[in-house]
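Each residue takes its place number in the sequence, starting with 1.
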Amino acid sequence: MQWVFFDFNGTILDDVDLCLELLNDILIKQGSKTLTKEEYKNVFCFPVKKYYELAGVDLKKDSFEDLSQWFIAEYQPASYRCCLFPNLVSTVLELKNRGIKVAVLSASQIDNLIDQLKQFKIYDLFDAVLGLDNIHATSKIEVGKKFIEDNNIDSKEVLFVGDTNHDKEVADAIGAQAVLFSGGHQSLEVLKKEKTPIIADIKKILKFI
């Protein structure tokens with residue numbers, strides 16, 4: 001492997017409880033039933049608009065655009081109180097010691113993503129930080145493709161580590177290998193449907209290098 005791409009939310013940053021809390025705030029405001037963590041991890045998916053609908057959010061009461069604005073305003077400052085997943089930093093350092101380049105590839109808006117990486121003092125660990133130009137958390141496929149093409153990277157030499165079935169879709173679309181982390185936003189049962197290697201500890205990606 002020449003590169004390892006990491007998803008951010010639910011792979012680098014453990015923000016699952018925060019995202020569940022904010023989802024339930026929306027549901028309570030709309031007078032709907034809240035979700036347990038297990039239920040959340042079984043319905044979470046991309047695009048986020050679809051996940052909201054599966055979770056019971058009424059997009060006629062509140063538009064997706066308005067909810068996106070509200071979510072980011074609440075999420076961004078609160079995310080600074082979240083934690084990085086165990087062994088993330090040591091694993092990234094080990095990859096770099098082996099001469100492997102490391103990138104973040106996220107569906108987050110790029111400025112917010114950079115702000116979070118700097119807040120957790122890990123921005124300088126990465127050789128590239130790739131995010132979207134909007135806050136709607138759509139797909140990061142085109143961002144990943146463009147980076148690979150612009151830098152003449154052999155996609156077969158890229159390992160993509162994420163926590164959702166969308167991350168497997170991204171890996172497939174950019175021609176990379178995928179490993180899925182079970183500690184993030186989707187349940188193990190959902191991830192198993194992808195027939196892709198699954199790890200419970202970030203450091204386990206080293207065996208795929």
Side-chain angles (χ1 to χ4, degrees), residues 1 3-24 34-48 50-52 54-55 71 75-76 78-96 100 102-108 112-113 116-117 119-123 125-126 129-131 137 139-140 144 158-172 176-209:
M1 289 295 161
W3 281 85
V4 175
F5 290 6
F6 284 89
D7 168 57
F8 182 69
N9 305 92
T11 304
I12 291 175
L13 185 69
D14 185 0
D15 60 357
V16 177
D17 288 340
L18 172 58
C19 291
L20 172 60
E21 177 186 330
L22 294 176
L23 169 67
N24 281 335
T34 59
L35 269 62
T36 64
K37 191 170 183 177
E38 180 181 8
E39 290 169 333
Y40 167 83
K41 295 182 81 165
N42 280 326
V43 300
F44 184 85
C45 64
F46 283 93
V48 170
K50 179 182 177 183
Y51 137 64
Y52 274 175
L54 291 172
F71 179 90
Y75 169 85
Q76 191 72 12
S79 71
Y80 302 149
R81 299 193 294 272
C82 295
C83 298
L84 302 177
F85 278 105
N87 300 318
L88 182 279
V89 172
S90 61
T91 300
V92 171
L93 289 172
E94 176 60 24
L95 291 169
K96 294 177 76 69
I100 296 166
V102 187
V104 180
L105 176 57
S106 172
S108 296
N112 291 336
L113 177 60
Q116 287 173 300
L117 291 169
Q119 185 73 26
F120 288 98
K121 297 179 172 56
I122 57 172
Y123 177 76
L125 286 181
F126 296 94
V129 176
L130 312 171
S139 176
K140 53 207 173 194
V158 176
L159 178 69
F160 187 52
V161 185
D163 67 305
T164 68
N165 50 15
H166 178 60
D167 291 317
K168 174 60 165 60
E169 292 173 3
V170 173
D172 289 346
Q177 296 185 45
V179 172
L180 297 177
F181 172 57
S182 62
H185 289 270
Q186 284 186 330
S187 67
L188 183 60
E189 290 69 27
V190 172
L191 295 180
K192 281 181 177 177
K193 295 175 183 177
E194 295 302 322
K195 296 180 173 58
T196 300
I198 299 171
I199 57 172
D201 188 323
I202 290 295
K203 69 182 179 183
K204 297 295 184 182
I205 67 168
L206 295 172
K207 71 179 182 179
F208 296 95
I209 302 303

4.5 Å side-chain heavy-atom contact, Thr11 and Ile202: yes

State, to 0.1 Å, how close Leu113 and Ser108 come at their nearest heavy-atom pair, and which atoms those are. CB-CB, 4.1 Å

Counting only heavy atoms not in Lys96, do more than 12 sit closer than 6.0 Å to its NZ atom? yes

Specify the closest pair of heavy atoms between Cys45 and Tyr51, including all atoms of both residues, with the distance to one decimal. O-CB, 3.3 Å

Nearest heavy-atom contact between Phe44 and Gln186 is O-NE2, 2.7 Å

Any side-chain heavy-atom pair from Gln116 and Phe8 closer than 4.5 angstrom? yes

Can you tell me which residue pairs pass the salt bridge (Lys or Arg N to Asp or Glu O under 4.0 Å) test with a partner in residues 13-23, sequence neighbours excluded? Asp17-Lys37

Look only at the side chain of Ser182 and the backbone of Ile199, and say whether a donor-acceptor pair between them is shorter than 3.5 Å. yes

Please report the shortest heavy-atom distance between Ser187 and Asn42, naming the atom on each side. OG-OD1, 2.6 Å

With side chains defined as the heavy atoms from C-beta onward, is the minimum distance between Ile12 and Val92 less than 4.5 Å? no

If you define the side chain from C-beta out and look only at heavy atoms, does anything of Leu88 sit under 4.5 Å from Phe120? no

Under a 4.5 Å cut-off applied to non-hydrogen side-chain atoms, are Val161 and Asp7 in contact? no

N/O donor-acceptor pair under 3.5 Å between Asn24 side chain and Leu35 backbone: yes

So do the side chains of Asp201 and Pro86 get within less than 4.5 Å of each other, counting heavy atoms only? no

Nearest 0.5 Å, what's the CZ-CZ distance between Phe126 and Phe6? 6.5 Å

Between Tyr75 and Cys19, which heavy-atom pair has the shortest distance, and what is it? CE1-SG, 4.0 Å

Any donor-acceptor N/O pair, Lys41 side chain to Gly184 backbone, under 3.5 Å: yes

Polar side-chain atom of Asp167 near backbone of Thr164 as donor-acceptor pair, under 3.5 Å: yes

To the nearest 0.5 angstrom, please state how far the CD atom of Glu39 sits from the OG1 atom of Thr34. 8.0 Å

Say you draw a straight line from OG of Ser90 to CG of Leu95; how long is it, rounded to the nearest 0.5 Å? 9.5 Å

From Ile209 atom CD1 to Ile100 atom CD1, the distance as rounded to the nearest 0.5 Å: 4.5 Å

Would you compute the distance between atom CG of Leu159 and atom CE of Met1 and round it to the nearest 0.5 angstrom? 5.0 Å

Which word best sums up how the rings of Phe5 and Phe160 line up, parallel for under 30°, tilted for 30 to 60°, or perpendicular for over 60°? perpendicular

When rounded to the nearest 0.5 Å, the distance separating CD1 of Ile122 from CG of Leu117 is 5.0 Å

Among pairs that include at least one residue of residues 177-199, which meet salt bridge (Lys or Arg N to Asp or Glu O under 4.0 Å), considering only residues two or more places apart or in two chains? none

May I ask you to test the Lys140-Leu130 pair for a side-chain heavy-atom distance under 4.5 Å? no

What closest approach, in Å, do Ala107 and Phe46 show between heavy atoms, and which atom pair accounts for it? CB-CE2, 4.1 Å

